[in-house]
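Hydrogens, waters and symmetry mates are skipped; everything else that's a heavy atom, side chains included, is used. In each ligand, atom 1 is the first atom listed, and ligand 1 is the first ligand listed.
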Amino acid sequence: MSNIAHDHAEEYIRSLIKEPNDLQNELRKYAEENNVPIVHKEVAQFLRVLIKSNNIKRILEVGTAIGYSSILMAEAAGSGAKIVTIERDENMYDIAIENIKKAGLEDRIEVIKGDALDVLNNIQDTFDMIFIDGAKGHYSEMLKIVTKILKKNGIVFSDNVLFRGMVCSDELLIRRKITIVKRMRKYLKELSESNIFETVILPVGDGVALSTKIKEE
Ligand code: SAH
Ligand code: MG
């Protein structure tokens, strides 16, 4: 399935995870039917546990799509949460706004329309967590911009870092993904060698990297 975790493990783990409400169910179904690449079920659950266990309230997200992960993170973070999320696709942006309204979370989620590389430079607030899940070829550039607006001990959660296994093995690599894959490998190497972040890369979902900021730049 994902070319990352063994199918039997992945299927079993997914079978134990229930979406917490009808809207999340509906959004996951919509995403599957319309090929919108939302977080895998086990990554969604990982985010919920991480947010709740660390009392994470302020989250910056790159890549809103239909708002599925924004909504799940806002619900996990609870009252007082603030999610700022960036989406460049007009159609996705409109759908996300509608879904966030349906969830009644307009007060907790702010969607910014635009290219993340432009928008990120103008964000002044600080965040407990940064969820990078868009602009797959530009994680490294985005990390440089967001490092200064992440609180000390805050978390950068990078999704899709193993990219259907292609990042791990040239045997899985398809030609038109070579650039993205090379950039992702460079990003993971940078994170692993950084003295500002401590990082763990996990074969969960499509591969995630979890990095905590251990010192200011
Ligand atoms: N986080 C979502 C899924 C995001 S899919 C979820 O799990 O529910 C990735 C999204 O990033 C797509 O909707 C795509 O339009 C958006 N995207 C890609 N490149 C971008 C960029 N440079 N700036 C802003 N959004 C971008
Ligand atoms: Mg993703």
Could you identify the single nearest non-hydrogen protein atom to [atom] and state the distance to 0.1 Å?
atom                    : result
atom 23 (N) of ligand 1 : Ala116 N, 2.8 Å
atom 20 (C) of ligand 1 : Arg88 NE, 3.5 Å
atom 18 (C) of ligand 1 : Ala135 N, 3.4 Å
atom 12 (C) of ligand 1 : Glu87 OE1, 3.6 Å
atom 5 (S) of ligand 1  : Pro37 O, 3.7 Å
atom 6 (C) of ligand 1  : Ser69 OG, 3.0 Å
atom 9 (C) of ligand 1  : Asp133 O, 3.2 Å
atom 7 (O) of ligand 1  : Val39 N, 2.8 Å

Could you list which atoms of ligand 1 come closer than 4.0 Å to a heavy atom of [X]?
X      : value
Thr64  : 2 (C)
Gly134 : 11 (O)
Glu61  : 1 (N)
Asp89  : 15 (O)
Gly114 : 23 (N), 24 (C)

Any side-chain donor-acceptor pair under 3.5 Å between [X] and [Y]?
X      : Y      : answer
Asn153 : Lys213 : no
Thr85  : Glu110 : no
Glu190 : Ser140 : yes
Ser70  : Glu61  : yes
Glu26  : Tyr68  : no

Taking the non-hydrogen atoms of Lys136, is any one of them nearer than 4.0 angstrom to ligand 1?
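Not so, Lys136 does not reach ligand 1.
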
Going by heavy atoms, is Asp115 under 4.0 Å from ligand 1?
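Yes, that is the case, since the closest heavy atom of the residue is under 4.0 Å from the ligand.
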
Are [X] and [Y] within salt-bridge range, i.e. N to O under 4.0 Å?
X      : Y      : result
Asp115 : Arg88  : yes
Asp128 : Lys151 : yes
Asp125 : Arg58  : yes
Asp170 : Arg185 : yes
Arg28  : Glu19  : yes

For Asp22, does the CG atom have more than 12 heavy-atom neighbours from other residues, nucleotides or ligands under 6.0 Å away?
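No, the 6.0 Å shell around CG holds no more than 12 heavy atoms from other groups.
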
Does Glu217, at its CD atom, have more than 12 non-hydrogen atoms belonging to other residues, nucleotides or ligands within less than 6.0 Å?
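Counting other residues, nucleotides and ligands, CD of Glu217 exceeds 12 neighbours.
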
Just checking, Lys113 and Tyr93: is the charged tip under 6.0 Å from the six-membered ring centre and within 45° of the axis?
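Verdict for Tyr93: a cation-pi partner in Lys113.
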
Can you count the protein N/O/S atoms lying under 2.8 Å from the Mg ion (ligand 2), leaving waters out?
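Number of qualifying protein atoms: 3.
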
